[in-house]
Amino acid sequence: HIESLYKSHNKYNIHVIEPQNVQIIKLKKILSIYKKKNNIFFYKKILKFDFDLDFVIISTNANVRRKIFTNLIKSNTFKNILFEKIVFSSLKDYRNTQKEINRRKINAFVNFPRRSFKVYKYIKKKLIKTKNINYSLIGKNWGFATNTLHNIDLFSYLTNNSELKVNTFNIDKIRKSKKRKGFIEFNGLIIIKNDRDDILILQDFKSSKDTNLLNGGIKIENSQFSFLIYENRSKMYEINNKNFFIKEIEIKLPKQSELTDKFIQKYKRKNISDLPTLDECYHIHFLYINSLSKQLVKINNKYKNKIPIT
């Protein structure tokens, strides 16, 4: 987010709150490659600023996000906010934040960027008038715990339907996250349907022997078309299911450093957002976190109120 705003030709004053020196040093090293510089200021803690904030981005881990939001809003005024997903590891935190944001009439969004990708907008146009869409992602260690929500949101976007229900949910042995201290990871299977019988199947295997030829690829299909999307290869295969004509397409998946500035400027100028609102995202968070909590509590009751995923 910071890189996108810092290198932008649009004018920003960027105020970064980061308590750890090592992270500030890393960030400054990343930013040092850019000749064009927007103003940037660093702080070790949340302050009461003597000016209103136009846009706030909270990209911390989910377990501290509610506390940071509460401290920030106590002493500052702002119009817009962008949350990273998973927004909160507790549904109670989510609901309390919703109430506060709605009371203050703040515009709140969640960073599910795939909705803004050209490839998925293209697929949506192809599927927009059809039903019985099947969406599947089957592979090995693709980050089931944290990335499932990205896929649920994309499924909801492509089908234009948020009336979702979990049909099947199984998780494998819980393990500590290698990337994030204090958090967990696991493999599993989740099957979700909406009220018009579109189906989402997400499966993350723990060993390569269980995977198939679609490993790591997203498959989206209906009676007319099939799309095989390999994001890590920047490739998509579009298949006409009537004549079996296959078209190979190069796809561009923008990095976050290319997205944040565009999102803010589009919303600022046109009052239009490709990203879903906090209210719109509550249903899929409830669907996933509530279902996951029931699975985890069977293993350990400490996961009853908060789930250590981010």
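Below, all heavy atoms of this structure are taken into account, side chains as well, without hydrogens, waters or symmetry copies.
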Novice: Tell me whether D198 contacts the main-chain N or O of K131 through its side chain, where contact means a donor paired with an acceptor under 3.5 Å.
Specialist: no
Novice: Applying salt bridge (charged side-chain N to carboxylate O under 4.0 Å, His left out) to E100 and R103, what does each step give before you reach the verdict?
Specialist: CA-CA 5 Å; E100 190 70 19; R103 185 176 69 83; 2.9 Å; yes
Novice: More than 12 heavy atoms of other residues, nucleotides or ligands under 6.0 Å from NZ of K124: is that the case?
Specialist: yes
Novice: Quick one, C281 with V87, criterion side chain to side chain contact (heavy atoms under 4.5 Å, CB included). Give me CA distance, side-chain angles, the key distance, then yes/no.
Specialist: CA-CA 9 Å; C281 286; V87 182; 5.5 Å; no
Novice: With sequence neighbours left out, what residues match H283 under ring-ring contact (aromatic ring centres under 6.0 Å, His included)?
Specialist: none
Novice: I'd like to check the side-chain contact (heavy atoms from CB on, under 4.5 Å) partners of N243; sequence neighbours left out, ordered by chain and number.
Specialist: N240, F245
Novice: Between I251 and Y122, is any pair of side-chain heavy atoms under 4.5 Å apart?
Specialist: no
Novice: Considering residues at least two apart in sequence or located in another chain, which fulfil the side-chain contact (heavy atoms from CB on, under 4.5 Å) criterion with S162?
Specialist: S156
Novice: What's the shortest heavy-atom distance between E185 and G143, and which atoms?
Specialist: OE1-CA, 3.8 Å
Novice: Do other residues, nucleotides or ligands put more than 12 heavy atoms under 6.0 Å from K193 NZ?
Specialist: no
Novice: Would you mind reporting whether I229 and I123 have side-chain heavy atoms less than 4.5 Å apart?
Specialist: yes
Novice: Which atom names give the shortest non-hydrogen contact between I46 and I68, and what distance separates them?
Specialist: CD1-O, 3.7 Å
Novice: How about F286: does its CZ atom have over 12 heavy atoms from other parts shown lying under 6.0 Å from it?
Specialist: no
Novice: Verify, without hydrogens or angle tests, whether E231 (side chain) and L253 (backbone) share a donor-acceptor contact under 3.5 angstrom.
Specialist: no
Novice: With the side chain counted from C-beta on, respond yes when L27 and E18 share a heavy-atom pair under 4.5 Å apart, and no when they do not.
Specialist: no
Novice: Under the criterion ring pair (Phe, Tyr, Trp, His ring centres under 6.0 Å), which of F109, Y94, F88, F112 is the partner of F83?
Specialist: F88
Novice: Hey, are K85 and D153 close enough for a salt bridge, meaning a charged N less than 4.0 Å from a carboxylate O?
Specialist: no
Novice: Apply salt bridge (charged side-chain N to carboxylate O under 4.0 Å, His left out) to K126 and E238, showing your working.
Specialist: CA-CA 11 Å; K126 288 277 188 174; E238 179 181 337; 3.4 Å; yes
Novice: Are side-chain N/O atoms of N132 and D197 paired as donor and acceptor at under 3.5 Å?
Specialist: no
Novice: Which is it for F263 and S273 under the side chain to side chain contact (heavy atoms under 4.5 Å, CB included) test, yes or no, and what are the steps along the way?
Specialist: CA-CA 7 Å; F263 161 69; S273 169; 3.2 Å; yes
Novice: To the nearest 0.5 Å, what is the distance between CG on N170 and CG on N187?
Specialist: 12.5 Å
Novice: Could you tell me the separation between the CG atom of L292 and the CG atom of L287, rounded to the nearest 0.5 Å?
Specialist: 11.0 Å
Novice: For S8, enumerate each residue passing the side chain to side chain donor-acceptor pair (under 3.5 Å) test, keeping only those at least two apart in sequence or located in another chain.
Specialist: N10, D261
Novice: Do the non-hydrogen side-chain atoms of P254 and K118 ever get within less than 4.5 Å of each other?
Specialist: no
Novice: Quick one: pull up OG1 in T277 and OH in Y282 and give me the separation to the nearest 0.5 Å.
Specialist: 14.0 Å
Novice: With a 4.5 Å limit on heavy-atom distance, are the side chains of L296 and N300 in contact?
Specialist: no
Novice: Assess the residue pair K306 and D93 against the criterion (salt bridge (charged side-chain N to carboxylate O under 4.0 Å, His left out)); give the C-alpha distance rounded to whole Å, side-chain angles, the decisive distance to 0.1 Å, and a yes or no.
Specialist: CA-CA 10 Å; K306 285 199 176 184; D93 286 349; 3.4 Å; yes
Novice: Spell out, as yes or no, whether a donor-acceptor pair under 3.5 Å connects the side chain of D204 to the backbone of F144.
Specialist: yes
Novice: Which distance, rounded to the nearest 0.5 Å, do you find between the CZ of R66 and the CG of N71?
Specialist: 10.0 Å
Novice: Distance check, rounded to the nearest 0.5 Å: L200 atom CG versus N194 atom CG?
Specialist: 9.5 Å
Novice: If every non-hydrogen atom of T159 is compared with every non-hydrogen atom of I133, which pair is closest and at what distance?
Specialist: CG2-CD1, 4.1 Å
Novice: Take atom NZ in K121; do more than 12 heavy atoms of anything else shown fall under 6.0 Å from it?
Specialist: yes
Novice: Would a line drawn from the ring center of F49 to the ring center of Y43 be shorter than 6.0 Å?
Specialist: yes
Novice: Test side chain to side chain contact (heavy atoms under 4.5 Å, CB included) on Y6 and I30 and set out the steps.
Specialist: CA-CA 11 Å; Y6 184 75; I30 293 170; over 6 Å; no
Novice: Tell me, with the steps shown, if H15 and F51 meet ring-ring contact (aromatic ring centres under 6.0 Å, His included).
Specialist: CA-CA 12 Å; H15 301 269; F51 49 85; 4.9 Å; yes
Novice: Taking side chain as C-beta onward, heavy atoms only, is N151 less than 4.5 Å from I218?
Specialist: yes
Novice: Rounded to the nearest 0.5 Å, what separates atom NZ in K7 from atom CG in L5?
Specialist: 10.0 Å
Novice: So, using side chain to side chain donor-acceptor pair (under 3.5 Å) as the criterion, who are the partners of K79 when residues are at least two apart?
Specialist: none
Novice: How would you list, by chain and number, every residue that makes a side chain to side chain donor-acceptor pair (under 3.5 Å) with Q98, sequence neighbours excluded?
Specialist: D279
Novice: So for atom NZ, which belongs to K235, do other residues, nucleotides or ligands contribute more than 12 heavy atoms lying within a distance under 6.0 Å?
Specialist: yes
Novice: Backbone N or O of L127 within a donor-acceptor pair of the T130 side chain at under 3.5 Å?
Specialist: yes
Novice: Test side chain to side chain contact (heavy atoms under 4.5 Å, CB included) on Y288 and F169 and set out the steps.
Specialist: CA-CA 10 Å; Y288 179 54; F169 197 175; 3.8 Å; yes
Novice: Is any side-chain heavy atom of N63 closer than 4.5 Å to one of F183?
Specialist: yes
Novice: Would a 4.5 Å heavy-atom cut-off, applied to side chains only, mark F117 and D274 as touching?
Specialist: no
Novice: Do you see a donor-acceptor pair shorter than 3.5 Å between the side chains of K44 and N21?
Specialist: yes
Novice: Would the distance check show the side chain of W142 and the main-chain N or O of Q203 forming a donor-acceptor pair, the cut-off being under 3.5 Å?
Specialist: yes
Novice: Verify the neighbour count for atom NZ of K252: are there more than 12 heavy atoms of other residues, nucleotides or ligands below 6.0 Å?
Specialist: yes
Novice: Are the side chain of R65 and the backbone of E84 linked by a donor-acceptor contact shorter than 3.5 Å?
Specialist: yes
